Visitor: 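Below is the structure I would like to discuss, written out as structure tokens.
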Amino acid sequence: MSSDEPGTPPDPPRDEVIAERRAKLDRWRARGVDPYPVGVEVTDALADVRAAWDDKLEPEEASGQDVAVAGRMVLRRGHGKLVFVVLREGDAELQLMCQPQTLGQGGMAILDELDLGDWVAATGEVVRTRRGELSVHARSLTLIGKSLRPMPDKWHGLRDVETRYRQRWVDLTVNADARRVLRVRAATIRALRAELEERGYLEVETPLLHPVPGGALARPFVTHHNALGVDLYLRIAKELYLKRLVAGGLPRVYEIGRVFRNEGLSTRHNPEFTMLESYEAHADYHDVMDLTQALIQRAAREAAGGTDLIYDERPVDLGGDWPRRRLLDLVRAATGRADVAYDADLDELRALCATHGVRTEEGWGPGKLVLELYEKLVEGELWDPTFVIDYPVEVSPLARRHRSDPHTTERFEIIVTGRELGNAFSELTDPDEQRARFEEQARAKAAGDADAMSVDADYLAAMEFGMPPMGGLGIGVDRLVMLLAGVTSIRDVILFPTLRP
RNA sequence: GGGCCGUUAGCUCAACAGGUAGAGCUCCGGACUUUUAAUCCGGCGGAGCGGGUUCGAGUCCUGCACGGCCUACCA
């Protein structure tokens with residue numbers, strides 16, 4: 001790529017193949033044929049022809065049925081005066097059988113001027129060949145979209161990962177798995193939405209541009225509004241707006257949409273990713289665990305065909321009721337130290353962290369230290385779905401304090417294959433406590449914690465207006481799709497992942 | 001950000017103690033009327049960028065760019 005303008009497409013390869021195709025393009029035009037016509041009548045999708053005839057017709061039998069089809073020419077096998085052409089659209093492929101007897105010399109000449117990759121329309125009778133391949137016995141051929149760039153290797157396809165993401169149109173053309181993942185993603189989102197709708201949740205859309213970034217501990221992207229002359233932030237979560245809606249009397253709301261976090265990229269992190277968030281009045285985190293399990297199990301059934309999966313070559317069982325384990329208990333078990341507690345001596349906790357190679361910082365309280373131990377020792381080991389519950393207050397500024405333990409909140413994360421898929425809690429609804437928690441965050445921010453929250457006065461006003469008790473949930477949709485599609489890179493489930501421009 | 005690995009033809013991949021780069025697919029020319037990555041014959045086409053060592057560098061050293069994986073932060 002020699003262009004330095006961001007956003008410009010890759011330069012056409014200065015290749016002889018391109019030149020040949022351009023020459024063909026010129027010849028088409030010289031003959032008065034528009035290589036990019038407005039379109040021809042296509043009455044039959046390739047998939048429909050296959051569905052109608054796949055289990056019918058004996059070899060060499062003709063159907064008597066004429067069709068008009070179209071697709072990208074991905075293979076051509078010539079046998080002198082008999083030529084087989086394979087058209088593909090999406091996952092459907094159909095062969096054309098081309099002979100001078102039916103296509104005429106003119107049609108054969110058209111065939112001669114086509115390249116692999118060209119979009120082609122054809123009419124003809126549905127037949128089955130001597131070797132048993134369902135085909136259209138072509139009577140006419142029309143070029144409907146000239147391809148000027150060569151197709152990737154017809155057997156190996158496109159392997160280069162970066163090119164697959166950058167040129168998704170090529171990837172989707174030649175890699176069936178790219179198309180499969182796309183379908184799993186669509187089915188996953190459809191299932192989540194269906195389950196929430198059936199439970200009476202209202203789908204809403206809240207702003208992407210936030211004057212105060214909030215709802216999660218993360219660094220935001222900053223942008224600028226010219227007319228208002230103010231900086232705005234791309235949302236890092238939807239939480240605070242959705243809770244405003246519950247305060248407004250909408251008892252069950254959800255939103256599926258993009259959030260943005262200004263953090264590093266990895267196989268598990270894309271700067272923009274899709275999150276489902278839902279809020280339900282009068283629910284607590286136990287109810288939300290039930291909901292989470294139902295959502296993910298339904299998505300697994302409808303997008304992955306069941307709850308018994310293989311991920312990264314290991315079986316995962318999403319079925320049944322998932323265990324609910326207290327975070328503190330998990331840390332105690334992992335360290336073999338029953339005396340780990342949120343009111344334990346800070347120096348002892350630091351020493352324990354050091355023993356396990358956990359890096360610590362000044363100013364971290366016991367809650368943060370225990371969380372770090374959990375993340376280092378436990379989280380990655382939880383393979384089958386596990387609800388990890390009761391997170392320390394210190395690291396949960398929006399969650400309600402536990403009804404029977406002042407050190408923790410009624411919060412859980414759902415962990416599958418060692419990764420966090422979702423995060424939820426009995427929501428904090430007390431405005432005074434929320435203000436105190438925000439101020440605590442603001443102090444951390446002032447002390448240099450870039451992920452810490454700011455005081456959101458507008459949100460506090462909504463809380464002061466009064467909100468019902470509620471349970472909230474956030475699910476990382478991309479990660480759920482990764483699990484259900486069995487892929488280990490988030491870039492495989494995002495069509496156009498963020499790449500260096 | 002750190003570590004490791006990588007970048008050879010449009011695509012997928014080779015080779016060699018440092019000796020002037022090879023195959024398949026695509027494309028072009030030719031043969032072939034039932035193929036399934038059709039087959040057969042012929043042809044075009046190439047070392048990420050910059051330094052250095054050397055008679056000679058794709059190969060060794062070095063800087064840069066880009067990418068992959070792991071790690072760190074997070075969903």
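Please read these numbers as outputs of a predicted model, since none were measured by experiment. Computation of the quantities below employed the complete heavy-atom set of this structure, encompassing side-chain atoms and omitting hydrogens, waters and symmetry-equivalent molecules. Per chain, numbering begins at 1; letters A, B, ... match sequence-line order.
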Visitor: From B/A37, B/C11, B/A75, pick the nucleotide closest to the side chain of A/Asp153?
Guide: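 The answer is B/C11, which lies nearest to the side chain.
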Visitor: Between B/C74, B/U12, B/C11, spot the one nearest the side chain of A/His156, thanks.
Guide: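 It is B/U12.
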Visitor: Please verify the inter-ring angle class for A/His210 with A/Tyr241; under 30° counts as parallel, over 60° as perpendicular, anything in between as tilted.
Guide: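 It falls in the tilted class, 30° to 60°.
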Visitor: What nucleic acid atoms does A/Glu60 come within less than 4.0 Å of, heavy atoms only: base, sugar-phosphate, or nothing?
Guide: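 Here A/Glu60 touches no strand at all.
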Visitor: Measuring from the side chain of A/Glu263 (C-beta onward, heavy atoms only), which nucleotide among B/C74, B/C69, B/C25 has the closest atom?
Guide: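 For the A/Glu263 side chain, the nearest candidate turns out to be B/C74.
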Visitor: Enumerate all atom pairs, one protein N or O and one N or O from nucleotides 27-31 of chain B, separated by less than 3.5 Å.
Guide:
from	atom 1	to	atom 2	distance (Å)
B/C28	OP1	A/Lys24	NZ	2.1

Visitor: Rounded to whole angstroms, how far apart are CG on A/Asp160 and C1' on B/C13?
Guide: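 In whole Å, B/C13 C1' lies 13 Å from A/Asp160 CG.
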Visitor: Indicate yes or no: does A/Asp91 engage A/Arg180 in a salt bridge with an N to O separation below 4.0 Å.
Guide: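 A salt bridge is absent here (no side-chain N lies under 4.0 Å from a carboxylate O).
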Visitor: Roughly how far apart, to the nearest Å, are B/G45 and B/U12 at atom C1'?
Guide: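 Comparing C1' positions in B/G45 and B/U12 gives a spacing of 16 Å.
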Visitor: Taking CZ from A/Arg130 and P from B/U33, how many angstroms apart are they, rounded to a whole number?
Guide: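 Roughly 12 Å, once rounded to whole Å.
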Visitor: Counting heavy atoms from C-beta on, name the nucleotide in B/C74, B/A75, B/U33 closest to the side chain of A/His269.
Guide: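 Selected nucleotide (nearest to the side chain): B/C74.
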Visitor: Quick test of the criterion, 5.5 Å between centres and less than 30° between planes. Is A/Phe84 stacked on B/A38 or not?
Guide: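 Given the distance and angle limits, no, they do not stack.
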Visitor: Looking at A/Lys154, I'd like to know whether one of its side-chain N or O atoms comes within less than 4.0 Å of OP1 or OP2 on B/U26.
Guide: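 Affirmative; the distance criterion is met.
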Visitor: How would you label the contact of A/Gly476 with the nucleic acid (heavy atoms, under 4.0 Å): base, sugar-phosphate, or nothing?
Guide: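 If one applies the 4.0 Å heavy-atom cut-off, A/Gly476 turns out to touch nothing in the nucleic acid.
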Visitor: Between B/C74, B/A37, B/C13, which one does the side chain of A/Arg159 approach most closely?
Guide: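 For A/Arg159, the side-chain atoms sit closest to B/C13.
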Visitor: Taking only the C1' atom of each, what is the distance from B/C44 to B/A37 in whole angstrom?
Guide: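 Each nucleotide's C1' atom is 22 Å from the other's.
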Visitor: Identify which nucleotide among B/A37, B/U71, B/U34 has an atom closest to any side-chain atom of A/Arg268, counting heavy atoms from C-beta outward.
Guide: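 The answer is B/U71, which lies nearest to the side chain.
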Visitor: Without hydrogens or angle criteria, can the side chains of A/Arg411 and A/Asn423 be said to hold a donor-acceptor pair below 3.5 Å?
Guide: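 Indeed, the side chains of A/Arg411 and A/Asn423 share at least one donor-acceptor pair under 3.5 Å.
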Visitor: Give me the distance, rounded to whole Å, that separates B/A75 from B/A65 when you measure between the P atoms they each carry.
Guide: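 So the two P atoms sit 31 Å from each other.
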Visitor: Using purine N1 to pyrimidine N3 plus N6-O4 or O6-N4 for Watson-Crick, or N1-O2 and O6-N3 for G-U wobble, both under 3.5 Å, which nucleotide pairs with B/A31?
Guide: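 In the structure as shown, B/A31 has B/U39 as its Watson-Crick or wobble partner.
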Visitor: As a test of reading the structure: which of B/C32, B/U12, B/C74 is closest to the side chain of A/Glu375, going by heavy atoms?
Guide: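 So the nucleotide nearest the side chain must be B/C74.
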Visitor: Specify the separation, in whole Å, of atom CD of A/Glu133 and atom P of B/A37.
Guide: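 A/Glu133 atom CD is separated from B/A37 atom P by 10 Å.
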Visitor: Just compare B/A38, B/G67, B/U36 and give me whichever is closest to any side-chain atom of A/Leu75.
Guide: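 In terms of side-chain proximity for A/Leu75, the closest of B/A38, B/G67, B/U36 is B/A38.
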Visitor: Indicate whether OP1 or OP2 belonging to B/C70 is found under 4.0 Å from a side-chain N or O atom of A/Thr267.
Guide: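 Yes, A/Thr267 has a side-chain N/O under 4.0 Å of OP1/OP2 on B/C70.
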Visitor: Counting any heavy atom closer than 4.0 Å, what does A/Asp451 reach on the DNA or RNA strands: base, sugar-phosphate only, or nothing?
Guide: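 Counting heavy atoms under 4.0 Å across all strands, the contact made by A/Asp451 is with sugar-phosphate only.
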Visitor: Side chain of A/Pro150, heavy atoms from C-beta onward: which of B/U33, B/G10, B/C74 has the nearest atom to it?
Guide: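 Nearest to the side-chain atoms of A/Pro150, counting from C-beta on, is B/G10.
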Visitor: Which is true for A/Gln101 with a 4.0 Å heavy-atom rule: it touches a base, it touches only sugar-phosphate, or it touches nothing?
Guide: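 Base: the residue A/Gln101, judged by heavy atoms under 4.0 Å, touches a nucleobase.
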Visitor: Polar atom pairs between nucleotides 3-7 of chain B and protein, under 3.5 Å, N or O only, would you list them?
Guide:
none

Visitor: For RNA chain B, which residues of residues 486-499 of chain A approach it to below 4.0 angstrom with any heavy atom?
Guide: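 Here the set is A/Ile490, A/Arg491.
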Visitor: Select base, sugar-phosphate, or nothing to describe what A/Asn262 touches, counting heavy atoms under 4.0 Å on all strands.
Guide: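 Touches nothing.
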